[in-house]
Amino acid sequence: MAVKRISLAFRGLTEVPQEIVDECSSGIEELDLSNNRIGDLRCLVHFQKMHSLILDRNELTSHTKLPFLPNLHTLWMNHNKISNLSVFVEKVAGSCPNLAFLSLMDNPAAPSYFNEGTLEQYTDFRYYVISRLPSLKVLDDTEITAEERQKSSSVYGRHRVPGGDGKRKKKKQQERAE
């Protein structure tokens with residue numbers, strides 16, 4: 001039976017061990033790397049079946065490279081060093097097109113009661129993230145409402161998913177050809 005879930009939490013890792021990448025990456029669906037010292041995620045490019053990734057309490061920043069993970073739907077990055085929200089969210093939008101659950105609590109870029117952020121700052125943070133990640137269903141520990149989607153769209157506009165227009169054009173061309 002293939003391993004589908006691996007926890008490498010609390011191991012003091014600075015990177016994912018190469019033997020895990022070589023032996024397990026093709027079948028892993030859930031990976032827990034929480035409470036380590038990881039700052040580089042490029043090796044995750046080999047984890048193409050992964051749908052859940054827990055990276056709480058690491059050394060991740062806004063500029064950490066995140067590979068394309070088309071099946072990822074759950075990403076927890078609480079208690080890291082993410083300080084530039086727009087840089088980080090644009091990376092996530094380009095790398096994780098099917099992301100449904102995202103948690104960024106207690107990062108400098110995520111204002112909340114954890115880091116003395118105001119309710120207005122937290123609301124603006126939510127609107128921005130929601131506007132840029134259209135597949136998102138839950139942000140932090142709160143489900144995204146229809147009202148939040150509408151307000152985020154009116155404040156920040158609708159985010160165009162990379163490649164989205166091309167798919168619609170191709171579909172219209174196929175419909176015309178039929």
Query raised in the report: For K137 and E143, what are the C-alpha separation, side-chain angles and deciding distance, and is it a salt bridge (charged side-chain N to carboxylate O under 4.0 Å, His left out)?
Result: CA-CA 6 Å; K137 295 177 182 174; E143 190 170 341; over 6 Å; no

**Report entry** Stepwise side-chain contact (heavy atoms from CB on, under 4.5 Å) check, W76 with D32
**Finding:** CA-CA 9 Å; W76 291 356; D32 183 350; over 6 Å; no

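- The pair E59-K81 counts as a salt bridge, with a side-chain nitrogen and a carboxylate oxygen less than 4.0 angstrom apart.
- Ion pairing of E30 with K4 is absent here, as no side-chain N (NZ or NE/NH1/NH2) approaches a carboxylate O to less than 4.0 Å.
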Extract all donor-acceptor atom pairs below 3.5 Å that involve side chains of residues 49-57 and protein atoms in other chains or at least two apart in sequence.
unit_1: H51; atom_1: ND1; unit_2: H73; atom_2: NE2; d: 3.3
unit_1: D56; atom_1: OD1; unit_2: N78; atom_2: N; d: 2.9
unit_1: D56; atom_1: OD1; unit_2: N78; atom_2: ND2; d: 3.2

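- Listed by chain and residue number, L119, Y127 satisfy the side-chain contact (heavy atoms from CB on, under 4.5 Å) test with T123 (two or more places apart in sequence, or in another chain).
- The backbone N or O of R42 sits less than 3.5 Å from a side-chain atom of D40, completing a donor-acceptor pair.
- By the side chain to side chain donor-acceptor pair (under 3.5 Å) test, N98 is found to be paired with no residue, residues two or more places apart in sequence or in another chain being considered.
- F10 meets the side-chain contact (heavy atoms from CB on, under 4.5 Å) test with N35; sequence neighbours excluded.
- For Y128, the side chain to side chain donor-acceptor pair (under 3.5 Å) partners two or more places apart in sequence, or in a different chain, are E90.
- Counting heavy atoms from C-beta on, the side chains of T61 and S83 never come closer than 4.5 Å.
- Contact between S95 and P67 at its shortest, heavy atoms only, is CB-O, 3.3 Å.
- Between L33 and L31 there is a side-chain heavy-atom pair separated by less than 4.5 Å.
- Residues E15 and C43 have side chains not in contact (no heavy-atom distance under 4.5 Å, counting atoms from C-beta outward).
- In terms of the side-chain contact (heavy atoms from CB on, under 4.5 Å) criterion, residue partners of N84 (sequence neighbours excluded) are, by chain and number, S62, S86, V87.
- Side-chain polar atoms of D140 and T142 form no donor-acceptor pair below 3.5 angstrom.
- Under a cut-off of 6.0 angstrom, the local environment of CD in E116 is sparse, with at most 12 non-hydrogen atoms contributed by other residues, nucleotides or ligands.
- Looking at heavy atoms from C-beta onward, V129 lies out of side-chain contact with Y156 at the 4.5 angstrom threshold.
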